[in-house]
Amino acid sequence: NNIGVIFDLDGVIVDTAKYHFLAWKNLADHLHIEFTETHNELLKGVSRVRSLEILLNIGHVTLSEERKREILISKNEDYLGYIKKMNADEILPGVNNLLNDLDSKGIKYVLGSASKNAPLILKQVGLLQRFEGIVDGNSVSKAKPDPEVFLIGAKKLNLKPENCIVFEDAIAGIEAANKAKMISVGVGDEETLNEADFNFNNLTEIPQDFFSKVIS
Ligand code: B16
Ligand code: MG
C-alpha cells in the first residue's frame, strides 16, 4: 500500500488529558497557582517541560532549574498512578473499528505522540502490539509544532510525508503535520482545529471510503 496513518495518542486514541489535569492540578495547588480545566487546554499536545513552563507562567511563579526537575518527576509519578489503572475500556469511540478497517485494507499505522509514557499507555489499553512503530516523546529532540515526530513516523512507515495521514486533536499537532506536508485530520472541535485539511468530531465519523479518496 502507498499510504499510511500516524495517530496522535492523547485525545485521539485515549483521553489521558483528564489524568494530566489531575496531576497538574495537584501540583498547582501545592504552588498556590489557580489552575482550571480551561488552562489545561493549553497543555494538550505540548511537551511535559513546556507544560510546566506554561503552568508557572499562569501563576507568575519562578523556580530554579533544580526545583523544576524535581517537580517534573513528582508530577509524572502522580500521573503514572492514574495510568496504571487504565484498561481497554478507555479506548475512545471509533478507534477499534478504524484500526480493524485499516488492517483489512492493509494500511499500516504508527503512533506519533509527545508523551514519554506512550508505550506504557498503549500497553495498558492493549493496543501496543498493533502499531507498526511508536514515535514518542523519547524519540524526538524537538516537540510539536515541530514536524520531527511525524517525519520519523513517515520513515518508520517507509513512506513519503505526502502519503501520510495524521490524526491529531491539538493545534500544535495539526501545525506539525502541515509543516511535514502530510494530510492533517483534526479530531475534535472544528473551529479550534481549523488549520486541518479534514475535520471530524471523533473517529466514529470517518467514512468507509475516506482512505481511498483522501490521496489520489
Ligand atoms: P508525558 P499527545 C501529549 O500527548 C499530551 O497531550 C500533553 O498534554 C502532554 O504534556 C504530553 O503528551 C507529554 O506527556 O508527560 O506523558 O511525557 O497528545 O502528543 O499524545
Ligand atoms: Mg493529542
Side-chain angles (χ1 to χ4, degrees), residues 5-28 35-58 68-84 86 90-92 95 109-125 127-128 131 133-153 166-177 180 182 184-189 192-193 195-196 199-203:
V5 177
I6 305 178
F7 286 102
D8 174 52
L9 180 62
D10 175 29
V12 174
I13 305 280
V14 287
D15 175 24
T16 36
K18 61 185 180 209
Y19 302 130
H20 281 297
F21 175 70
L22 293 173
W24 286 125
K25 174 81 182 129
N26 189 14
L27 180 76
F35 184 69
T36 63
E37 301 242 15
T38 312
H39 288 134
N40 197 51
E41 289 299 310
L42 302 171
L43 309 187
K44 287 191 178 173
V46 168
S47 76
R48 195 183 307 168
V49 174
R50 182 74 194 117
S51 297
L52 177 60
E53 298 294 341
I54 294 171
L55 180 80
L56 295 176
N57 272 339
I58 292 169
K68 282 193 238 176
R69 268 195 298 277
E70 287 169 5
I71 278 181
L72 285 171
I73 291 169
S74 79
K75 183 268 170 182
N76 195 51
E77 280 170 359
D78 197 9
Y79 176 67
L80 287 176
Y82 299 107
I83 297 309
K84 285 175 183 152
M86 286 182 83
E90 297 204 37
I91 298 171
L92 288 173
V95 173
Y109 45 90
V110 296
L111 194 83
S113 165
S115 174
K116 295 188 172 179
N117 299 304
L120 174 68
I121 296 166
L122 285 181
K123 191 163 171 264
Q124 287 295 129
V125 301
L127 291 178
L128 183 60
F131 288 79
I134 308 288
V135 191
D136 62 16
N138 304 295
S139 341
V140 297
S141 56
K142 285 164 272 166
K144 300 169 190 174
D146 190 280
E148 186 183 15
V149 60
F150 296 140
L151 292 172
I152 300 174
V166 175
F167 286 86
E168 252 294 346
D169 73 309
I171 301 170
I174 294 295
E175 234 182 282
M182 298 178 176
S184 57
V185 183
V187 182
D189 183 50
T192 313
L193 305 173
E195 282 180 30
N199 291 88
F200 298 101
N201 288 313
N202 59 62
L203 296 188

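In each ligand, atom 1 is the first atom listed, and ligand 1 is the first ligand listed.
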Q) Does a donor on one side chain sit under 3.5 Å from an acceptor on the other, for H20 and K44? A) no
Q.
Exactly one of D189, L193, V187 should register a side-chain contact (heavy atoms from CB on, under 4.5 Å) with N199. Which one does?
A. L193
Q. Hey, what do you get for CD1 (I121) to CD1 (I13), rounding to the nearest 0.5 Å?
A. 11.5 Å
Q: Run the numbers for me: atoms of ligand 1, each under 4.0 Å from some heavy atom of N117, listed by number.
A: 1 (P), 16 (O)
Q: Using a strict cut-off of 4.0 Å, indicate which atoms of ligand 1 neighbour a heavy atom of S51.
A: 10 (O)
Q | Options G137, S115, A170, ranked by nearest heavy atom to atom 12 (O) of ligand 1, top entry | A | S115
Q) To the nearest 0.1 Å, how far is atom 17 (O) of ligand 1 from its closest protein heavy atom, and which atom is that? A) K116 N, 2.7 Å
Q. Any heavy atom of G11 sitting closer than 4.0 Å to ligand 1?
A. no
Q: Identify the protein heavy atom lying closest to atom 9 (C) of ligand 1, giving its residue, its atom name and the separation to 0.1 Å.
A: V46 O, 3.2 Å
Q. Would you say K144 and ligand 1 have an N/O pair spaced under 3.5 Å apart?
A. yes
Q.
Nearest N/O/S atom of D169 with respect to the Mg ion (ligand 2), by atom name, please.
A. OD1
Q.
Test your reading of the structure: does D10 have an N or O sitting under 3.5 Å from an N or O of ligand 1?
A. yes
Q. For N117, which of N76, I83, L122 qualifies under side-chain contact (heavy atoms from CB on, under 4.5 Å)?
A. N76
Q. What's the spacing between D10 CG and K18 NZ if we round to 0.5 Å?
A. 10.0 Å
Q) Measuring from S47:OG to E53:CD, what's the distance to the nearest 0.5 Å? A) 9.0 Å
Q | Point-to-point distance, once rounded to the nearest 0.5 Å, from CG of L55 to CG of L27 | A | 6.0 Å
Q: Please write down residue, atom name and distance for the protein heavy atom closest to atom 20 (O) of ligand 1.
A: S113 OG, 2.7 Å
Q.
Suppose we measure from atom 15 (O) of ligand 1 to each protein heavy atom; which comes out shortest, and what is that distance?
A. R48 NE, 2.8 Å
Q. For D169 and ligand 1, does the shortest N/O to N/O distance drop below 3.5 Å?
A. no
Q: State the atoms of ligand 1, each with its element, that fall below the 4.0 Å cut-off from a heavy-atom position in L9.
A: 20 (O)
(Q) Starting from atom 19 (O) of ligand 1, what is the nearest protein heavy atom, named by residue and atom, and what distance separates them? (A) A114 N, 2.7 Å
Q: Please confirm whether Y79 and Y19 have ring centers closer than 6.0 angstrom.
A: no
Q) How wide is the angle at the Mg ion (ligand 2) between OD2 of D8 and O of D10, to the nearest 10°? A) 90°
Q. What atoms of ligand 1 come closer than 4.0 angstrom to any heavy atom of K44?
A. 6 (O), 8 (O)
Q: Measure the distance from atom 8 (O) of ligand 1 to every protein heavy atom, then report the residue, atom name and distance (to 0.1 Å) of the closest one.
A: L43 O, 2.9 Å
Q: Using atom types as modelled and distance alone, determine if a side-chain donor or acceptor of E175 lies under 3.5 Å from a backbone N or O of P145.
A: no
Q. How far is atom 18 (O) of ligand 1 from its nearest protein heavy atom, and which residue and atom name does that atom have?
A. D8 OD1, 2.9 Å
(Q) Within the 4.0 Å heavy-atom shell around G45, which atoms of ligand 1 are there? (A) 5 (C), 6 (O), 7 (C), 8 (O)
(Q) Looking at every heavy atom in both P119 and K116, which two are closest together, and how far apart are they? (A) CD-O, 4.1 Å
Q.
Under a plain distance cut-off of 3.5 Å, with no hydrogens placed, do S184 and E195 share a side-chain donor-acceptor pair?
A. no
Q: Check the angle between the aromatic planes of Y109 and F7 and answer parallel, tilted or perpendicular using the 30° and 60° thresholds.
A: perpendicular
